[in-house]
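Single-structure report; data block below.
Computed from a predicted structure; not experimentally measured. Numbers restart at 1 for each chain; the letters A, B, ... are given by sequence-line order, proteins then strands.
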Amino acid sequence: NQSPLPLGSLPAVPTLPLLQALQMRAPGSPGWQVGPASGQPLRYMLNLYRRAADREGRPRRSRSLGTNTIRLVQASSNGGQPWAGRWYLQALTYNLEGQPEAEHLLRATVVYLPSLSVAHSRLLCTLELVVAGEAPRVLLSPTARSRHGWAEVDVTPYLVLGNSSVGSLALRHVCVRAGRAGGHDAPVAPGHPFLLLYLNDTQAGLAPPAAEPHRRRR
Amino acid sequence: DTGTLAHDLPNYLREHRGEKSDCSLRPFPVSFAQLGWDHWIIAPHRYNPRYCKGTCPHLLRYDYHAPNHAVVQSFVHQLVDASVPRPSCVPYRYSPISVLMIERNGGILYKEYENMIAESCTCR
């Protein structure tokens, strides 16, 4: 849906390339609610941004991210009750459809907290890759850890098959509550891990390509 | 006339140096709230795109990085036909900024956009 959207107090003139590109990305009118983007994913991206750029948005060359685009994709879950006693098992899906053609994938990682304090105990978490049609799941090991406790798992090989890209990524978030048992408080669910796509935008600009549809994945 | 101007270049430059209306880079910090984009651009809250403004001198100095065509057009305006406009003061080099945005589907996007800040001006 690429119908023109109002942007502040812009006059009704033929859309400039910059504004057209921004309209394609903008969520909508000023009253649009940005519910899902909050909490841990937003804090993570804000920290990433502060490391990468100064207060006026100038990229810090001394701390280059190595790419010009990083997209955080939030997980969707099928609902239901993920808790079974001490165990937390949540199936997650990351939709990768609709990525712009000009953005080429360099690397993909899933970021999660392997350990977090909840109430009087501790949650220890890990991730499993769900491959369609295969019963055994692949246990994913973190490839990097940050000082804020985040762990990153490289999932690039699972997103790119040959010359094409997959349409979605399926994982299972598995946690176990360690420490004292008991307590009648409702268990606190950990935040969903999020997917980071490190992309190279070959257009390197705001002007959208002429009449190019978003890439359709097989 | 062109030869006279070139011969008298040192005096010409001395007379016209320091004019406030000369083509130059000017600051202009702007917030995304002023542009009406603050509901989906998370950071930065403001940035300084700057702009170029001023009169291009009749004799374009080398530091204006003006193409030869602009030099010729300036002489044409001055010596041949005043209806041919003088070169305009416009940005020459740019630098990028990084932006953090909320996407339509709730995703969060970090992106470096090229050519967002004017770093120098030219006459063309």
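Taking a cutoff of 4.0 Å between a charged side-chain nitrogen and a carboxylate oxygen, A:Asp201 and B:Lys111 qualify as a salt bridge. Note on B:Glu112 versus A:Arg60: no salt bridge recorded, every NZ/NE/NH1/NH2 to OD/OE distance being 4.0 Å or above.
Under the rule for a ring pair (Phe, Tyr, Trp, His ring centres under 6.0 Å), A:Trp87 has no partner lying at least two apart in sequence or in another chain.
The interface of residues 89-97 of chain B with chain A, defined by heavy-atom distances below 4.5 Å, comprises B:Ser95, B:Pro96, B:Ile97.
With a threshold of 4.5 angstrom between heavy atoms, A:Leu48 approaches chain B through side-chain atoms but not through N, CA, C or O. Both the backbone and the side chain of B:Leu100 have a heavy atom closer than 4.5 Å to some heavy atom of chain A.
Taking the six-membered ring where the residue is Trp, B:Tyr47 and B:Phe32 present parallel rings, their angle staying beneath 30° rather than reaching 60°. Aromatic ring pairs are classed by plane angle as parallel below 30°, tilted from 30° to 60° and perpendicular above 60°; the pair B:His77 and B:His58 is parallel.
Judged by distance alone, the side chain of B:Gln73 and the main-chain N or O of B:Val84 form no donor-acceptor pair under 3.5 Å.
In plain terms, the two heavy atoms of B:Tyr110 and A:Ala52 that are nearest each other are OH-CB, 3.5 Å.
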